Amino acid sequence: MSSDSLEKGYDPTGIEDKWYKYWLDKGFFVAEDKSDKQAYSIVIPPPNVTGVLHMGHALNITIQDIMCRFRRLCGDNVLWMPGTDHAGIATQNVVEKNLALQGITRDQLGREKFIDAVWAWKEQSGGAIINQLKKIGASCDWERERFTMDKGLSDAVRKVFVRLYKDNLIYQGQYIINWCPRCRTALADLEVDHEENEGFLYYIKYPFVNGTDALVVATTRPETMFGDTAVAINPNDERYKNLEHKRVMLPLTNRIIPIIHDEYVDTQFGTGVLKVTPAHDPNDFNLGEKHGLERLKVIDDEGIMNENAGEYMGIDRFKCRTMAVEALEKLGLLVKKEHLKNSVGHCYRCKTVVEPSLSRQWFVKAGPLAKVAADAVRDGKTRIIPSNWAKTYFEWLDNIQDWCISRQIWWGHRIPVWRCHTCGQVMVEEVDPDKCDGCGSVDISQETDVLDTWFSSALWPFSTMGWPEETDLLKTFYPTSALVTGFDILFFWVARMMMMGTRFMGEVPFKDVYIHALVRDEHGKKMSKSKGNVIDPLKIIDSYGADAFRFTLAAFAAQGRDVRMSEERVEGYRNFVNKLWNAARFTMMHLENGAGQSGNSVLVQSGDAEPEDANLIQFKITNIADKSYSMSEHWILSRSAATAEAVSSGIENYRFNDSANAIYQFVWHEFCDWYLEAAKSALYEKEGQKRRDASRSVLAKVVKDIIIMLHPFMPFVTEEIWHALPTVSGSVMEASFPADNDPDYTFRNLQVEKDMEFIVALISGIRNIRGEMNIQPSLQLNVILQTSDQLQKRLITDNTSLIENLSRLESLTLSDSDTADAPVSCATGVVMGTTIYVSLKEVINFDKEETRLEKELDKVTKELISISKRLTNESFLDKAPDDVVEKVKEQQQMLQDKRDKLTLNINKIKQMRL
RNA sequence: GGGCGAAUAACUCAGUUGGUAGAGUGCAACCCUUACAAGGUUGAAGUCACAGGUUCGAGCCCUGUCUCGCCCACCA
C-alpha cells in the first residue's frame, strides 16, 4: 500500500465493516479455554433482547472494549463474554403488542403457542442489538455468545432454585406485593418507580354505630375503603379518648368495623384517624397482622373493583375513586378534600400505577445472602470503583427486604415446583418429575409462575461459563477481572450477582466493579424520547465514525461524573482522527521506497524479515547514542515512552479520560506540532542521508507506538493505518503495547525533555513577537539570542537550524555580550534568561513595542511582588520545606533577571523615540 | 426523612499525597507555509458558589450556608 491510497481526509465509510470482519475471520476475539498467558475476563452486562442501542450501552461497551483490547495488547488471554437477557416482562410486552396488531391476545393463543411466538420473534429480530454492539467495535468473543434462556443457563437457574429452596432460602407466602394490573404480574420492590403525584387528601366521615357523631379519616385512596377492616388511632391521641368499645359504620357499604389503637398512627397527619386496608397497603397489612384483622381484597388483577365493592363491582379503580367521592359528597360524608403531593409507584416496564395487593408469591430470603455479599466488599475481595458507591451498595444490602421472584407471566424460567393433586405433595426438582414422589400419582402439575428475569442474570458470571459443570473456562476465568456497569443496575444486578456468586461459587464474581456514569445531553438532561433530546449512537457513528465517537466517550468518562454528549464534541474528536490520519500520510510519504537509497546505512535493516514480511521496509533504532539523532528525536522518544506509561496507567485505574487526554495531547501537540515540524528538514534530505535515516527510524518507531496506544480507543482507523504502514506486518491487534520492559524502549530522558522545553519556549517567544508586532508570516527574520548561560548556549548552537526553520529566520546569531551589538531597530523578548532580539528592516512601531513590553513587565512585576512577599515571610522560610524555598528563590532570581532585561529594553525604546 | 454528588474562563470539563490554576470548544487577529483549512501561528479571558477555620501557604483539608442533580424510604 502506498500513501496514494490514503485519502486526504479520513472517511470511515466501509473501513469499519472491513476490519471488523477481518478481526472475526482471524479469530482475534476468541479466548483460549486454557492458556499459560495471564487470564483477563469481563462479562458483558447482557442487554435485553428487545433492546435498541442507546448512549448508555455505547459508553458501557466502549469502556469494556478499551479494557479488553488493551489487555490483549499486553499479551493477556482475554475473555469478553457477550450475550443477551431474555428480559421477561419487557419481551413479553413487545410480543404481545405485535400480536395485538393482528388482533390476537396471548390468552387466545395459549401459553405454549405464545412462548413459541416469543422464540420466533427472538430469532427474527432479537439479535439486532448485538449487531449494533459490533458497529461500535465491541471485541467480544462472539463464539461464546449466551442467552439467559439457553439450555445451559436454564439448567443453572433450576439448580440454584432447588438448592436455595432446600436451604430454606426460598419460600412461598401470602404478602402484600406490588402488582402491575397491565402486565398482570407481581413486581419486586425494586421494579417499582416512585413518582411524585399531585393528588388529593380526602376527609371522609365514618359514622359511629351508636350515635350521631362520626370519626373523620383522611385518605388519598377512597376507592380502597371497601376493603377497610378497621380504623386506627394513636392511643396517645387526646382527641380520641373513650372510644374503646365503639365501632364505626363504613360508608357506602354499611359494613361495621372496629376501632383499633396503635402507636404506628401519626397524630400529626390528617385527622389522626387511619383507615386500615390490609389487603391493599403494606402498612395496613402489618397493622392487620398485628391486630388480627380480616384481609379483604376489593381490586382484582386487572385493576377492576371486585364483588366486595358492592355496586362498584366491575368499575376501574380510578373511576371508582371519582364515583365514590361523588357518592360520599351526596351523602354529606365528605368533609373536605385538600391538595396533597405524594409518591405513587409505577411499573418500571409499562409505567402503569402499581397496586399494592395481597398475593401468594415466591420469595428469596435475602438477608443471609446479602450479608456475605456485603462482607465480600468490606473485606476487599471485590473493589467498587469509584469507592463512594460502596456506601450505597452497603446501605441497600444492610437493609434488604426479601425478594419477590415469582412473576405471573409466561416468558421466562418456569418455577421448578410441582404439586400432586392427589396427596398435595410439593416437589421442587431439577429434572421434571413424571409422578408424585409421595403417592405415585401422575396427576401432578407444575407451578405456572416464572422467575424474575434478574434471577437468571444474577448467575450470569458463572452460568455463561458452563456452571454447574466444572469447565476449563470457569477455572481459567472465574472470578472475572472486572465488571463494568452503570449505577442504575447496582442493586438489580450487581448486588444480586454478588449474592449468588459468593453462594454458589464460593468466590466473588469479579475483582473490580467499575461503575460508570450516565450519558446525558449537552445540557446535562437525561436523554428521553419525550424530551426529544435523544442522540442515536448509530447516527453519530454514521456521521463521524465509530473511532471519533468512542474517543469522545472515553475523553469525557471522568470518574463519578456524567458524560454530556453532543455532536459538536464528537466533531472535535473526529478532527483528531483526521489529524492522526494525516500524520500517518505524512509518515508514509517519508518511509516508503526509501530503503534502497540509504545505501549501507546501519540504521536500515531488512535482512531478518520473515518471508511474508519480505517487502517490509525496516527502520530500526540500533544505537540511540549515535550522534546522528537530533535532540528533538531523543525528546519525542522520551515523550512517547512517558505517554505509553500514562495511557496504560489510566486504563488500569479506570481513568479513561486521563488516558485519552494524554494520548491526544501527545499526538497532536507534541508529535504533530513539534516533532513532525522539527523532522521535516532531515526528512526532506536537507541534512544528509544519515540524518534522514535516523529521522525515519524514529518516525517509524513513534508512529508505530502511537497506533498501538490508540488502538484500544480507535480500533478501526488504527488498523487501517497499520496496514498501510510499510514498516509493520499483520494486525495491530497482534502488536505489543509499548512498555518499560521492552528492551527497545528505554528512551525516557528527563534532561532532554527539559532542554527541549527551552528550545520550544525560544521558538514560541520569537513567534509571539511576530504575532504581536503583526509581522508578515512570510517575512524571514534576523534574530540575535543573547545569554550567558553555558547550557543554553550549547542548546542554541546544537539546534540552530531547528530554531531557524520553526521560527522562519533568515539568520540566527548567538551573542553573550549585552545589548551593545543589538540592532538599532528591533523587537525584544526574554525567555528563561535568554534575550531575543528580532531586528526589523523597516522601522518598528515604537509605541506598539513599548506597550507590548510594558504589559509584559507589568505581569512580571506582579509575580515578583507576590513571590518576594513569600520570601520575606519568616515563617515561610522557617517552616516550608527546603526544596520549596529553593524553588521559589530560583523563580525570584529568574523574574528579577527578566524584569531587568525588560526594563533595559524599554529604556532603549524610549531613547530611540527621542 | 436518610444518603450521595456537583459548583473552576463565554460553554463543557480536567486539576491523585495542600506550593499559588489547565485543556477542548467558542471568541479575536494573521496565514491556503509542499501531512492536515476537519489545518497553522499568536492573543484575550478565572476574587476556583458563599462564609468561617486549620496552615508559612487552601481550588484541594475541616465546619456551616446557598443553589442544582441523583438515589433510597411502608409520607395514610
Side-chain angles (χ1 to χ4, degrees), chain A residues 3 6 8-10 176 189-190 194 201 217-221 224 232 264-266 268-271 273-277 281-286 340-343 356 386 388-389 391-392 395-396 399 401 487-488 490-491 517-518 520 522-526 544 548 555-556 558 560-562 564 566 568-569 571-590 653 655 657-658 661 664-665 669 672-673 676-677 680 684 764 767-778 807-808 863 866-867 870 873-881 883-885 887-888:
Chain A
S3 58
L6 286 185
K8 207 168 168 187
Y10 175 63
I176 290 271
D189 295 339
L190 262 186
H194 290 274
L201 186 62
V217 303
T219 179
T220 53
R221 303 202 55 198
T224 63
Y264 164 77
V265 180
D266 180 357
Q268 303 300 308
F269 190 91
T271 56
V273 184
L274 172 70
K275 67 191 266 306
V276 185
T277 323
D281 184 283
N283 294 311
D284 294 8
F285 176 85
N286 292 338
L340 183 78
K341 268 189 201 165
N342 63 347
S343 89
N388 49 297
W389 284 108
K391 194 164 180 179
T392 310
E395 185 68 22
W396 190 72
N399 299 296
Q401 302 292 313
F487 59 80
D488 50 332
L490 182 61
F491 305 141
L518 236 52
R520 298 170 176 279
E522 60 189 310
H523 307 293
K525 294 268 187 298
K526 221 172 183 171
Y544 301 100
F556 282 101
R561 188 149 199 151
D562 289 341
R564 300 195 185 191
S566 73
E568 200 185 38
R569 273 160 225 179
E571 203 179 320
Y573 288 106
R574 187 273 315 267
N575 295 350
F576 176 56
V577 176
N578 197 50
K579 186 77 179 176
L580 173 74
W581 180 257
N582 280 295
R585 282 177 63 223
F586 175 85
T587 301
M588 263 142 344
M589 273 176 52
H590 293 283
N653 294 304
R655 303 181 67 97
N657 58 322
D658 283 357
N661 290 330
Y664 180 97
Q665 172 69 24
H669 299 302
C672 291
D673 286 354
L676 288 186
E677 294 305 323
K680 276 178 182 172
Y684 282 117
S764 301
R767 286 171 172 176
N768 168 288
I769 290 169
R770 190 192 279 278
E772 295 261 291
M773 297 303 287
N774 286 335
I775 300 167
Q776 286 297 314
S778 51
S807 13
R808 295 190 141 251
E863 277 179 69
S866 117
I867 230 165
R870 285 162 69 190
N873 183 339
E874 278 189 31
S875 26
F876 172 73
L877 296 172
D878 200 36
K879 291 179 180 168
D883 59 320
V884 173
V885 176
K887 223 172 99 185
V888 175

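So that the names make sense, note that chain A is the first sequence line, chain B the second, and so on, each numbered from 1. This structure is a prediction, so every number in the text was calculated from the model and none was measured.
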- Note on the structure: Between A:Tyr664 and A:Ser343, the residue closer to the 5' end of RNA chain B by nearest nucleotide is A:Tyr664
- Message: Once side-chain hydrogen bond (donor to acceptor under 3.5 Å, both in side chains) is applied, do any residues pair with A:Arg221, and if so which ones, sequence neighbours excluded?
- Response: A:Glu223, A:Glu355
- State which residues pass salt bridge (Lys or Arg N to Asp or Glu O under 4.0 Å) with A:Glu863; sequence neighbours excluded, sorted by chain then number. none
- For RNA chain B, just give me the dot-bracket, please: Watson-Crick or G-U, both distances below 3.5 Å, ( ) intra-strand, [ ] crossing earlier pairs, | paired with another strand, . unpaired. ((((((...((((.....[..)))).(((((.......))))).....(((((..]....))))).))))))....
Are any protein N/O atoms closer than 3.5 Å to N/O atoms in nucleotides 54-56 of chain B? If there are, list each pair with its distance.
residue	atom	partner	partner atom	Å
B:C56	OP1	A:Lys879	NZ	2.4
B:C56	O2'	A:Asn873	ND2	3.1

- Mind checking what makes side-chain hydrogen bond (donor to acceptor under 3.5 Å, both in side chains) contact with A:Asn388, not counting sequence neighbours? none
- Message: Within the 4.0 Å limit for protein heavy atoms, which parts of nucleotides 30-38 of chain B are touched? Write it as a string from 5' to 3', B for base, S for sugar-phosphate only, - for none.
- Response: SS-S-BBSB
- Task: Please identify each residue that fulfils ring pair (Phe, Tyr, Trp, His ring centres under 6.0 Å) with A:Phe285, with sequence neighbours left out.
- Result: none
- Task: Return the set of residues passing ring pair (Phe, Tyr, Trp, His ring centres under 6.0 Å) with A:Phe491 (not counting sequence neighbours), or none when no residue passes.
- Result: A:Trp396
- Test side-chain hydrogen bond (donor to acceptor under 3.5 Å, both in side chains) applied to A:Asn582 - qualifying residues, sequence neighbours left out: A:Arg585
- Please name all residues satisfying ring pair (Phe, Tyr, Trp, His ring centres under 6.0 Å) with A:Tyr684, sequence neighbours left out, ordered by chain then number. A:His590
- Message: Could you work out, with side-chain hydrogen bond (donor to acceptor under 3.5 Å, both in side chains) as the rule, every residue matching A:Asn342, not counting sequence neighbours?
- Response: none
- Item | A:Phe556: ring pair (Phe, Tyr, Trp, His ring centres under 6.0 Å) partners, not counting sequence neighbours | none
